[in-house]
2 protein chains.
Amino acid sequence: MMSDADADTKQRILAAAEAEFLARGYDRSRTQAIADRAQINKAMLHYHFRSKDELFAQVFREKAKQLFPQVEASLREQPDFIRFVCRFVDLYLAYLIENPFLPSYLMQVATNHVELLQQVQIDLPKRLVAAFEAAVKAKVIRPHDARQFVVSLLGMCVMPFVGKNLIQGFLGLDEREYHALLAARAEEIKRYVVLLLTPEHPPERRRTKEA
Amino acid sequence: MMSDADADTKQRILAAAEAEFLARGYDRSRTQAIADRAQINKAMLHYHFRSKDELFAQVFREKAKQLFPQVEASLREQPDFIRFVCRFVDLYLAYLIENPFLPSYLMQVATNHVELLQQVQIDLPKRLVAAFEAAVKAKVIRPHDARQFVVSLLGMCVMPFVGKNLIQGFLGLDEREYHALLAARAEEIKRYVVLLLTPEHPPERRRTKEA
DNA sequence: GTCTATAAAAAGATAGAC
DNA sequence: GTCTATCTTTTTATAGAC
(Lines give C-alpha, C1' and ligand atoms only; values in the text may rest on other atoms or scores of the structure.)
Protein backbone atom coordinates (compact mmCIF):
# COMPACT_ATOMS: atom_id res chain seq x y z
CA MET A 1 0.00 0.00 0.00
CA MET A 2 1.18 3.44 -0.78
CA SER A 3 -0.12 6.79 0.34
CA ASP A 4 -0.12 9.75 -2.00
CA ALA A 5 2.69 11.45 -0.16
CA ASP A 6 4.61 8.21 -0.21
CA ALA A 7 4.23 7.75 -3.91
CA ASP A 8 5.12 11.36 -4.48
CA THR A 9 8.35 11.09 -2.53
CA LYS A 10 9.28 7.91 -4.27
CA GLN A 11 8.65 9.54 -7.62
CA ARG A 12 10.69 12.58 -6.67
CA ILE A 13 13.59 10.34 -5.74
CA LEU A 14 13.29 8.42 -8.98
CA ALA A 15 13.23 11.63 -10.99
CA ALA A 16 16.19 13.03 -9.09
CA ALA A 17 18.11 9.80 -9.48
CA GLU A 18 17.39 9.69 -13.18
CA ALA A 19 18.72 13.19 -13.66
CA GLU A 20 21.83 12.46 -11.65
CA PHE A 21 22.57 9.08 -13.21
CA LEU A 22 22.00 10.32 -16.73
CA ALA A 23 24.16 13.37 -16.29
CA ARG A 24 27.01 11.79 -14.35
CA GLY A 25 26.79 8.03 -14.74
CA TYR A 26 26.64 5.52 -11.92
CA ASP A 27 30.16 5.90 -10.58
CA ARG A 28 30.23 9.67 -10.41
CA SER A 29 26.72 9.95 -9.02
CA ARG A 30 26.33 10.52 -5.28
CA THR A 31 23.36 9.43 -3.22
CA GLN A 32 23.73 12.72 -1.37
CA ALA A 33 23.33 14.67 -4.60
CA ILE A 34 20.25 12.64 -5.47
CA ALA A 35 18.76 13.30 -2.03
CA ASP A 36 19.44 17.01 -2.45
CA ARG A 37 17.76 17.10 -5.83
CA ALA A 38 14.75 15.26 -4.42
CA GLN A 39 14.72 17.56 -1.40
CA ILE A 40 14.77 14.69 1.04
CA ASN A 41 17.25 13.09 3.36
CA LYS A 42 19.66 10.39 2.34
CA ALA A 43 17.99 8.04 4.81
CA MET A 44 14.75 8.35 2.87
CA LEU A 45 16.50 7.17 -0.21
CA HIS A 46 17.54 4.00 1.56
CA TYR A 47 14.10 3.57 3.02
CA HIS A 48 12.41 3.59 -0.38
CA PHE A 49 15.21 1.84 -2.22
CA ARG A 50 17.50 -0.60 -0.51
CA SER A 51 20.70 0.72 -2.03
CA LYS A 52 22.24 2.91 -4.69
CA ASP A 53 22.47 -0.16 -6.86
CA GLU A 54 18.80 -0.97 -6.48
CA LEU A 55 17.87 2.63 -7.21
CA PHE A 56 20.01 2.59 -10.32
CA ALA A 57 18.41 -0.62 -11.47
CA GLN A 58 14.90 0.71 -11.02
CA VAL A 59 15.73 3.92 -12.83
CA PHE A 60 17.12 1.96 -15.73
CA ARG A 61 14.22 -0.44 -15.96
CA GLU A 62 11.95 2.58 -16.19
CA LYS A 63 14.20 4.49 -18.58
CA ALA A 64 14.73 1.51 -20.86
CA LYS A 65 11.35 2.14 -22.43
CA GLN A 66 12.48 5.56 -23.58
CA LEU A 67 15.89 4.81 -24.95
CA PHE A 68 14.56 5.13 -28.45
CA PRO A 69 11.70 7.29 -29.65
CA GLN A 70 8.43 5.65 -30.52
CA VAL A 71 8.75 4.56 -34.13
CA GLU A 72 7.12 1.17 -34.01
CA ALA A 73 3.89 2.45 -35.49
CA SER A 74 5.43 4.15 -38.49
CA LEU A 75 7.52 1.07 -39.13
CA ARG A 76 4.44 -0.91 -40.09
CA GLU A 77 2.72 1.86 -41.98
CA GLN A 78 5.65 2.92 -44.14
CA PRO A 79 6.00 0.75 -47.22
CA ASP A 80 9.06 2.63 -48.46
CA PHE A 81 11.96 1.35 -46.36
CA ILE A 82 14.32 4.18 -47.24
CA ARG A 83 11.71 6.74 -46.27
CA PHE A 84 11.15 4.89 -43.06
CA VAL A 85 14.81 4.93 -42.13
CA CYS A 86 15.02 8.61 -42.98
CA ARG A 87 12.06 9.25 -40.78
CA PHE A 88 13.71 7.31 -38.00
CA VAL A 89 16.86 9.39 -38.37
CA ASP A 90 14.85 12.59 -38.10
CA LEU A 91 12.99 11.37 -35.05
CA TYR A 92 16.00 9.90 -33.34
CA LEU A 93 18.21 12.94 -33.78
CA ALA A 94 15.51 15.30 -32.59
CA TYR A 95 15.02 13.00 -29.62
CA LEU A 96 18.73 12.90 -28.84
CA ILE A 97 19.02 16.66 -29.06
CA GLU A 98 16.37 16.77 -26.34
CA ASN A 99 18.05 13.95 -24.42
CA PRO A 100 21.74 14.30 -25.16
CA PHE A 101 22.91 12.05 -22.32
CA LEU A 102 20.96 9.00 -23.42
CA PRO A 103 23.65 7.41 -25.60
CA SER A 104 26.44 7.69 -23.04
CA TYR A 105 24.11 6.46 -20.34
CA LEU A 106 23.07 3.47 -22.38
CA MET A 107 26.63 2.59 -23.23
CA GLN A 108 27.72 2.85 -19.62
CA VAL A 109 24.94 0.52 -18.60
CA ALA A 110 25.98 -1.82 -21.36
CA THR A 111 29.59 -1.93 -20.21
CA ASN A 112 29.21 -1.82 -16.44
CA HIS A 113 25.76 -3.27 -15.81
CA VAL A 114 25.20 -5.77 -18.59
CA GLU A 115 22.81 -7.78 -16.44
CA LEU A 116 20.41 -4.81 -16.43
CA LEU A 117 20.53 -4.54 -20.17
CA GLN A 118 19.72 -8.20 -20.50
CA GLN A 119 16.69 -7.87 -18.26
CA VAL A 120 14.93 -5.40 -20.51
CA GLN A 121 13.70 -5.87 -24.01
CA ILE A 122 14.78 -3.45 -26.69
CA ASP A 123 13.82 -4.79 -30.04
CA LEU A 124 14.04 -1.78 -32.32
CA PRO A 125 17.45 -2.78 -33.72
CA LYS A 126 16.35 -6.32 -34.44
CA ARG A 127 13.21 -5.03 -36.09
CA LEU A 128 15.29 -2.72 -38.19
CA VAL A 129 17.42 -5.65 -39.29
CA ALA A 130 14.34 -7.70 -40.12
CA ALA A 131 12.72 -4.86 -42.06
CA PHE A 132 16.02 -4.27 -43.82
CA GLU A 133 16.31 -7.85 -44.94
CA ALA A 134 12.71 -7.90 -46.07
CA ALA A 135 13.37 -4.77 -48.09
CA VAL A 136 16.37 -6.39 -49.70
CA LYS A 137 14.32 -9.41 -50.60
CA ALA A 138 11.61 -7.18 -52.03
CA LYS A 139 14.35 -5.41 -53.99
CA VAL A 140 13.29 -1.99 -52.76
CA ILE A 141 16.83 -1.41 -51.49
CA ARG A 142 20.25 -2.46 -52.60
CA PRO A 143 21.54 -5.73 -51.13
CA HIS A 144 23.63 -5.06 -48.09
CA ASP A 145 24.55 -6.45 -44.70
CA ALA A 146 21.77 -5.35 -42.38
CA ARG A 147 23.82 -5.57 -39.18
CA GLN A 148 26.63 -3.48 -40.54
CA PHE A 149 24.10 -0.95 -41.66
CA VAL A 150 22.50 -0.71 -38.24
CA VAL A 151 25.90 -0.29 -36.58
CA SER A 152 26.81 2.46 -39.02
CA LEU A 153 23.50 4.19 -38.58
CA LEU A 154 23.70 4.14 -34.80
CA GLY A 155 27.32 5.22 -34.85
CA MET A 156 26.59 8.19 -37.07
CA CYS A 157 23.66 9.21 -34.89
CA VAL A 158 25.23 8.91 -31.47
CA MET A 159 28.79 10.00 -32.21
CA PRO A 160 28.13 13.72 -31.69
CA PHE A 161 26.57 12.97 -28.31
CA VAL A 162 28.93 10.44 -26.80
CA GLY A 163 31.85 12.41 -28.16
CA LYS A 164 30.73 15.97 -27.74
CA ASN A 165 33.86 17.36 -26.09
CA LEU A 166 36.02 15.22 -28.31
CA ILE A 167 34.50 16.65 -31.45
CA GLN A 168 34.57 20.16 -30.14
CA GLY A 169 38.21 19.75 -29.22
CA PHE A 170 39.25 17.94 -32.38
CA LEU A 171 37.52 20.30 -34.76
CA GLY A 172 37.87 23.41 -32.66
CA LEU A 173 34.17 24.17 -32.44
CA ASP A 174 32.58 26.52 -29.93
CA GLU A 175 29.09 25.83 -28.57
CA ARG A 176 27.38 27.64 -31.40
CA GLU A 177 29.30 25.80 -34.09
CA TYR A 178 28.75 22.51 -32.34
CA HIS A 179 25.02 23.05 -32.29
CA ALA A 180 25.05 24.04 -35.93
CA LEU A 181 26.74 20.74 -36.69
CA LEU A 182 24.08 18.94 -34.65
CA ALA A 183 21.28 20.71 -36.46
CA ALA A 184 22.63 19.64 -39.83
CA ARG A 185 23.39 16.12 -38.68
CA ALA A 186 20.11 14.49 -39.70
CA GLU A 187 20.48 15.65 -43.30
CA GLU A 188 23.98 14.28 -43.38
CA ILE A 189 22.92 10.86 -42.18
CA LYS A 190 19.92 10.71 -44.49
CA ARG A 191 22.20 11.48 -47.40
CA TYR A 192 24.22 8.43 -46.43
CA VAL A 193 21.13 6.28 -46.10
CA VAL A 194 19.76 7.25 -49.49
CA LEU A 195 23.10 6.89 -51.17
CA LEU A 196 23.75 3.47 -49.71
CA LEU A 197 20.33 1.96 -50.07
CA THR A 198 18.82 3.35 -53.24
CA PRO A 199 18.70 0.42 -55.64
CA GLU A 200 20.19 0.45 -59.10
CA HIS A 201 22.22 3.48 -58.41
CA PRO A 202 23.34 3.82 -62.02
CA PRO A 203 26.30 1.57 -62.89
CA GLU A 204 29.46 1.93 -60.92
CA ARG A 205 32.59 -0.02 -61.68
CA ARG A 206 31.56 -3.35 -60.20
CA ARG A 207 28.12 -4.84 -60.23
CA THR A 208 26.65 -7.66 -58.21
CA LYS A 209 25.19 -10.54 -60.16
CA GLU A 210 21.54 -9.65 -60.32
CA ALA A 211 18.86 -9.47 -62.93
CA MET B 1 68.42 11.61 -11.19
CA MET B 2 67.04 8.17 -11.63
CA SER B 3 68.61 4.80 -11.05
CA ASP B 4 67.83 1.90 -13.35
CA ALA B 5 65.75 0.16 -10.72
CA ASP B 6 63.93 3.39 -10.09
CA ALA B 7 63.11 3.95 -13.70
CA ASP B 8 62.05 0.36 -14.04
CA THR B 9 59.60 0.60 -11.15
CA LYS B 10 58.19 3.83 -12.43
CA GLN B 11 57.72 2.28 -15.83
CA ARG B 12 56.06 -0.78 -14.35
CA ILE B 13 53.63 1.43 -12.48
CA LEU B 14 52.88 3.44 -15.59
CA ALA B 15 52.30 0.29 -17.60
CA ALA B 16 50.09 -1.16 -14.88
CA ALA B 17 48.15 2.07 -14.57
CA GLU B 18 47.65 2.29 -18.29
CA ALA B 19 46.24 -1.21 -18.40
CA GLU B 20 43.93 -0.53 -15.48
CA PHE B 21 42.75 2.89 -16.64
CA LEU B 22 42.17 1.72 -20.20
CA ALA B 23 40.22 -1.33 -19.16
CA ARG B 24 38.18 0.20 -16.36
CA GLY B 25 38.29 3.96 -16.70
CA TYR B 26 39.35 6.40 -14.02
CA ASP B 27 36.43 5.98 -11.64
CA ARG B 28 36.39 2.21 -11.54
CA SER B 29 40.16 1.90 -11.37
CA ARG B 30 41.73 1.23 -7.96
CA THR B 31 45.19 2.30 -6.92
CA GLN B 32 45.43 -1.04 -5.14
CA ALA B 33 44.76 -2.90 -8.36
CA ILE B 34 47.41 -0.87 -10.14
CA ALA B 35 49.89 -1.60 -7.37
CA ASP B 36 49.11 -5.29 -7.63
CA ARG B 37 49.61 -5.32 -11.37
CA ALA B 38 52.91 -3.52 -10.96
CA GLN B 39 53.90 -5.89 -8.17
CA ILE B 40 54.62 -3.05 -5.79
CA ASN B 41 53.02 -1.48 -2.76
CA LYS B 42 50.43 1.25 -2.85
CA ALA B 43 52.87 3.50 -1.02
CA MET B 44 55.30 3.23 -3.93
CA LEU B 45 52.67 4.47 -6.24
CA HIS B 46 52.27 7.59 -4.14
CA TYR B 47 56.02 7.96 -3.89
CA HIS B 48 56.51 8.05 -7.64
CA PHE B 49 53.30 9.86 -8.42
CA ARG B 50 51.71 12.26 -6.03
CA SER B 51 48.19 10.98 -6.47
CA LYS B 52 45.84 8.85 -8.52
CA ASP B 53 44.96 11.98 -10.44
CA GLU B 54 48.56 12.78 -11.24
CA LEU B 55 49.17 9.21 -12.32
CA PHE B 56 46.15 9.31 -14.57
CA ALA B 57 47.33 12.55 -16.10
CA GLN B 58 50.78 11.19 -16.85
CA VAL B 59 49.38 8.05 -18.36
CA PHE B 60 47.16 10.08 -20.61
CA ARG B 61 49.86 12.49 -21.71
CA GLU B 62 51.89 9.47 -22.74
CA LYS B 63 48.99 7.62 -24.32
CA ALA B 64 47.76 10.65 -26.23
CA LYS B 65 50.45 10.08 -28.84
CA GLN B 66 48.98 6.68 -29.62
CA LEU B 67 45.31 7.46 -29.80
CA PHE B 68 45.46 7.23 -33.56
CA PRO B 69 47.77 5.10 -35.66
CA GLN B 70 50.61 6.77 -37.51
CA VAL B 71 49.11 7.97 -40.76
CA GLU B 72 50.70 11.38 -41.05
CA ALA B 73 53.28 10.14 -43.53
CA SER B 74 50.88 8.51 -45.93
CA LEU B 75 48.69 11.58 -45.78
CA ARG B 76 51.30 13.65 -47.60
CA GLU B 77 52.30 10.92 -50.04
CA GLN B 78 48.85 9.91 -51.19
CA PRO B 79 47.55 12.17 -53.95
CA ASP B 80 44.23 10.33 -54.19
CA PHE B 81 42.15 11.52 -51.24
CA ILE B 82 39.63 8.71 -51.40
CA ARG B 83 42.40 6.13 -51.39
CA PHE B 84 43.98 7.91 -48.48
CA VAL B 85 40.82 7.82 -46.43
CA CYS B 86 40.33 4.16 -47.25
CA ARG B 87 43.84 3.46 -46.14
CA PHE B 88 43.19 5.33 -42.94
CA VAL B 89 40.07 3.24 -42.32
CA ASP B 90 42.04 0.04 -42.79
CA LEU B 91 44.80 1.18 -40.48
CA TYR B 92 42.50 2.60 -37.85
CA LEU B 93 40.27 -0.44 -37.62
CA ALA B 94 43.19 -2.82 -37.43
CA TYR B 95 44.62 -0.60 -34.71
CA LEU B 96 41.36 -0.53 -32.78
CA ILE B 97 40.99 -4.29 -32.98
CA GLU B 98 44.38 -4.46 -31.28
CA ASN B 99 43.43 -1.69 -28.83
CA PRO B 100 39.68 -2.03 -28.36
CA PHE B 101 39.52 0.13 -25.23
CA LEU B 102 41.01 3.22 -26.81
CA PRO B 103 37.77 4.85 -27.98
CA SER B 104 35.95 4.50 -24.67
CA TYR B 105 39.03 5.67 -22.82
CA LEU B 106 39.38 8.71 -25.01
CA MET B 107 35.73 9.61 -24.64
CA GLN B 108 35.86 9.25 -20.89
CA VAL B 109 38.83 11.57 -20.76
CA ALA B 110 36.97 13.98 -22.99
CA THR B 111 33.93 14.04 -20.72
CA ASN B 112 35.50 13.84 -17.27
CA HIS B 113 38.98 15.28 -17.76
CA VAL B 114 38.63 17.87 -20.50
CA GLU B 115 41.60 19.81 -19.20
CA LEU B 116 43.85 16.85 -20.03
CA LEU B 117 42.54 16.68 -23.54
CA GLN B 118 43.21 20.35 -24.02
CA GLN B 119 46.81 19.97 -22.89
CA VAL B 120 47.72 17.56 -25.65
CA GLN B 121 47.76 18.13 -29.34
CA ILE B 122 45.86 15.78 -31.59
CA ASP B 123 45.69 17.20 -35.04
CA LEU B 124 44.74 14.25 -37.20
CA PRO B 125 41.07 15.28 -37.40
CA LYS B 126 41.89 18.84 -38.34
CA ARG B 127 44.33 17.60 -40.95
CA LEU B 128 41.66 15.35 -42.33
CA VAL B 129 39.32 18.29 -42.61
CA ALA B 130 41.98 20.38 -44.32
CA ALA B 131 42.86 17.63 -46.77
CA PHE B 132 39.17 17.06 -47.38
CA GLU B 133 38.54 20.66 -48.25
CA ALA B 134 41.58 20.75 -50.48
CA ALA B 135 40.29 17.68 -52.27
CA VAL B 136 36.92 19.33 -52.76
CA LYS B 137 38.59 22.39 -54.20
CA ALA B 138 40.66 20.20 -56.50
CA LYS B 139 37.44 18.45 -57.50
CA VAL B 140 38.82 15.01 -56.78
CA ILE B 141 35.90 14.39 -54.44
CA ARG B 142 32.31 15.45 -54.36
CA PRO B 143 31.58 18.69 -52.48
CA HIS B 144 30.56 17.92 -48.94
CA ASP B 145 30.81 19.21 -45.39
CA ALA B 146 34.18 18.07 -44.11
CA ARG B 147 33.29 18.19 -40.42
CA GLN B 148 30.17 16.11 -40.85
CA PHE B 149 32.20 13.63 -42.81
CA VAL B 150 34.80 13.32 -40.09
CA VAL B 151 32.14 12.84 -37.44
CA SER B 152 30.47 10.15 -39.54
CA LEU B 153 33.74 8.41 -40.22
CA LEU B 154 34.77 8.36 -36.57
CA GLY B 155 31.31 7.28 -35.49
CA MET B 156 31.28 4.37 -37.90
CA CYS B 157 34.76 3.30 -36.82
CA VAL B 158 34.38 3.51 -33.06
CA MET B 159 30.76 2.42 -32.63
CA PRO B 160 31.53 -1.31 -32.46
CA PHE B 161 34.11 -0.64 -29.75
CA VAL B 162 32.38 1.85 -27.50
CA GLY B 163 29.14 -0.10 -27.88
CA LYS B 164 30.34 -3.68 -27.94
CA ASN B 165 27.90 -5.11 -25.40
CA LEU B 166 25.16 -2.94 -26.75
CA ILE B 167 25.57 -4.27 -30.25
CA GLN B 168 25.92 -7.82 -29.07
CA GLY B 169 22.76 -7.44 -27.03
CA PHE B 170 20.78 -5.55 -29.63
CA LEU B 171 21.65 -7.84 -32.49
CA GLY B 172 21.96 -11.02 -30.49
CA LEU B 173 25.54 -11.77 -31.49
CA ASP B 174 27.84 -14.18 -29.69
CA GLU B 175 31.59 -13.51 -29.51
CA ARG B 176 32.27 -15.23 -32.81
CA GLU B 177 29.60 -13.34 -34.67
CA TYR B 178 30.70 -10.08 -33.11
CA HIS B 179 34.25 -10.62 -34.29
CA ALA B 180 33.03 -11.51 -37.73
CA LEU B 181 31.22 -8.20 -37.82
CA LEU B 182 34.38 -6.43 -36.71
CA ALA B 183 36.44 -8.15 -39.38
CA ALA B 184 34.08 -6.99 -42.09
CA ARG B 185 33.76 -3.51 -40.67
CA ALA B 186 36.55 -1.85 -42.66
CA GLU B 187 35.03 -2.91 -45.97
CA GLU B 188 31.68 -1.55 -44.86
CA ILE B 189 33.10 1.85 -44.00
CA LYS B 190 35.18 2.07 -47.14
CA ARG B 191 32.08 1.37 -49.18
CA TYR B 192 30.50 4.38 -47.54
CA VAL B 193 33.54 6.55 -48.17
CA VAL B 194 33.73 5.67 -51.85
CA LEU B 195 30.02 6.06 -52.32
CA LEU B 196 29.89 9.44 -50.65
CA LEU B 197 33.04 10.98 -52.06
CA THR B 198 33.41 9.66 -55.59
CA PRO B 199 32.72 12.65 -57.81
CA GLU B 200 30.17 12.65 -60.58
CA HIS B 201 28.51 9.53 -59.36
CA PRO B 202 26.31 9.10 -62.43
CA PRO B 203 23.13 11.22 -62.28
CA GLU B 204 20.73 10.71 -59.44
CA ARG B 205 17.44 12.49 -59.16
CA ARG B 206 18.74 15.84 -57.97
CA ARG B 207 21.97 17.44 -59.03
CA THR B 208 23.97 20.22 -57.49
CA LYS B 209 24.60 23.19 -59.71
CA GLU B 210 27.99 22.45 -61.13
CA ALA B 211 29.66 22.36 -64.47
C1' DG C 1 7.29 8.16 6.48
C1' DT C 2 10.79 11.25 7.87
C1' DC C 3 14.51 12.93 10.23
C1' DT C 4 19.38 13.23 13.01
C1' DA C 5 23.14 10.95 14.21
C1' DT C 6 26.25 7.42 13.51
C1' DA C 7 28.23 3.30 11.80
C1' DA C 8 30.70 0.72 8.28
C1' DA C 9 33.24 0.18 4.26
C1' DA C 10 36.07 1.54 0.66
C1' DA C 11 39.72 4.00 -1.25
C1' DG C 12 43.24 7.36 -1.42
C1' DA C 13 47.14 9.25 0.96
C1' DT C 14 50.96 9.61 4.54
C1' DA C 15 54.42 8.44 8.50
C1' DG C 16 58.18 6.36 9.67
C1' DA C 17 61.25 2.31 9.84
C1' DC C 18 64.58 -0.07 7.04
C1' DG D 1 63.64 3.24 -3.02
C1' DT D 2 60.66 0.17 -0.62
C1' DC D 3 57.88 -1.59 2.78
C1' DT D 4 54.20 -2.04 6.93
C1' DA D 5 51.09 0.16 9.39
C1' DT D 6 48.02 3.85 9.91
C1' DC D 7 45.41 7.95 9.00
C1' DT D 8 41.92 10.62 6.46
C1' DT D 9 38.36 11.29 3.51
C1' DT D 10 34.62 10.04 1.03
C1' DT D 11 30.53 7.68 0.44
C1' DT D 12 27.20 4.31 1.30
C1' DA D 13 24.16 2.38 4.64
C1' DT D 14 21.74 1.76 9.23
C1' DA D 15 19.80 2.72 14.11
C1' DG D 16 16.64 4.76 16.52
C1' DA D 17 13.82 8.77 17.88
C1' DC D 18 9.73 11.28 16.39
Side-chain angles (χ1 to χ4, degrees), chain A residues 1-62 105 108-109 111-113 115-116, chain B residues 1-62 105 108-109 111-113 115-116:
Chain A
M1 282 306 144
M2 217 179 258
S3 81
D4 284 5
D6 195 0
D8 180 57
T9 301
K10 206 164 177 175
Q11 284 310 311
R12 281 218 317 285
I13 299 177
L14 276 172
E18 180 179 314
E20 178 84 356
F21 285 139
L22 272 165
R24 301 173 52 82
Y26 180 85
D27 294 307
R28 296 168 58 88
S29 289
R30 299 291 165 247
T31 53
Q32 182 61 59
I34 295 173
D36 292 346
R37 282 189 200 245
Q39 294 178 302
I40 49 111
N41 193 283
K42 253 195 310 177
M44 280 310 296
L45 187 152
H46 288 279
Y47 171 76
H48 286 285
F49 306 88
R50 191 174 307 281
S51 64
K52 182 187 179 184
D53 250 85
E54 178 54 28
L55 178 54
F56 186 76
Q58 284 207 214
V59 166
F60 178 73
R61 276 191 279 267
E62 189 58 36
Y105 172 69
Q108 276 192 46
V109 172
T111 38
N112 301 328
H113 303 267
E115 70 289 353
L116 288 182
Chain B
M1 282 306 143
M2 216 179 260
S3 80
D4 285 4
D6 196 359
D8 181 58
T9 302
K10 206 163 178 177
Q11 284 310 312
R12 280 218 316 285
I13 299 177
L14 277 172
E18 179 180 315
E20 178 84 357
F21 285 139
L22 273 165
R24 301 173 53 81
Y26 180 85
D27 294 307
R28 295 168 59 87
S29 288
R30 300 292 165 246
T31 53
Q32 182 61 61
I34 295 173
D36 292 346
R37 282 188 199 246
Q39 293 178 302
I40 49 112
N41 193 284
K42 251 198 307 179
M44 280 310 294
L45 187 152
H46 288 279
Y47 172 76
H48 285 283
F49 306 87
R50 192 174 307 280
S51 65
K52 182 186 179 184
D53 251 84
E54 178 54 28
L55 178 55
F56 186 75
Q58 286 207 211
V59 166
F60 178 72
R61 276 191 279 269
E62 188 58 35
Y105 172 69
Q108 277 192 46
V109 172
T111 38
N112 300 328
H113 304 267
E115 72 288 353
L116 288 183

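Chain naming here is simple, since letters A, B, ... match the order of the sequence lines and numbering starts at 1 in each. This structure is a prediction, so every number in the text was calculated from the model and none was measured. When reading the values below, keep in mind they use all heavy atoms of this one structure, side chains included, and skip hydrogens, waters and symmetry mates.
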State, with a plain yes or no, whether a side-chain heavy atom of Thr9(B) is found less than 4.5 Å away from one of Met44(B). yes
Can you list the residues that meet the ring pair (Phe, Tyr, Trp, His ring centres under 6.0 Å) rule with Tyr105(B), with sequence neighbours excluded? none
Bend angle of the helix from dG1(C)-dC18(D) to dC18(C)-dG1(D), from helix axes over five pairs at each end, nearest 10°: 10°
Can you tell me the distance, in whole Å, between the CD atom of Gln39(B) and the P atom of dC3(D)? 10 Å
Partners of His46(B) by side chain to side chain contact (heavy atoms under 4.5 Å, CB included), sequence neighbours excluded? none
For nucleotides 13-18 of chain C, which of its nitrogen or oxygen atoms have a protein nitrogen or oxygen under 3.5 Å away, and what is each distance?
residue, atom, partner, partner atom, Å
dA13(C), OP2, Lys52(B), N, 2.8

Taking only heavy atoms on the protein side, list every residue of residues 15-28 of chain B lying under 4.0 Å from any atom of DNA chain D, sorted numerically. none
Residues in salt bridge (charged side-chain N to carboxylate O under 4.0 Å, His left out) contact with Arg30(A), at least two apart in sequence or another chain: none
If I take atom CZ in residue Arg30(B) and atom P in nucleotide dT11(D), what distance separates them, rounded to the nearest angstrom? 12 Å
Could you list the residues that satisfy salt bridge (charged side-chain N to carboxylate O under 4.0 Å, His left out) with Arg50(A), not counting sequence neighbours? none
Asp53(A): what forms a side chain to side chain contact (heavy atoms under 4.5 Å, CB included) with it, not counting sequence neighbours? Tyr26(A), Ser51(A)
The criterion is salt bridge (charged side-chain N to carboxylate O under 4.0 Å, His left out); which residues satisfy it with Arg28(B), sequence neighbours excluded? none
Who are the side chain to side chain contact (heavy atoms under 4.5 Å, CB included) partners of Gln108(B), not counting sequence neighbours? none
Looking at residues at least two apart in the chain, or sitting in another chain, which of them share a side chain to side chain contact (heavy atoms under 4.5 Å, CB included) with Thr31(A)? Lys42(A), Leu45(A), Lys52(A)
Tell me which pairs pass salt bridge (charged side-chain N to carboxylate O under 4.0 Å, His left out) where either residue lies in residues 13-25 of chain B, with sequence neighbours left out. Glu18(B)-Lys63(B), Glu20(B)-Arg24(B), Glu20(B)-Arg37(B)
Rounded to whole Å, the CG-P distance (Asp36(A) to dC3(C)) equals 12 Å
dG1(C), OP1 or OP2 - any side-chain N/O from Thr9(A) closer than 4.0 Å? no
When the distance from CE of Met44(B) to P of dA5(D) is rounded to whole Å, what number comes out? 17 Å
Knowing that exactly one of Arg12(A), Lys10(A), Gln11(A) qualifies, which makes a side-chain hydrogen bond (donor to acceptor under 3.5 Å, both in side chains) with Asp8(A)? Arg12(A)
To the nearest Å, give me how far apart CD (Gln32(B)) and P (dC3(D)) are. 12 Å
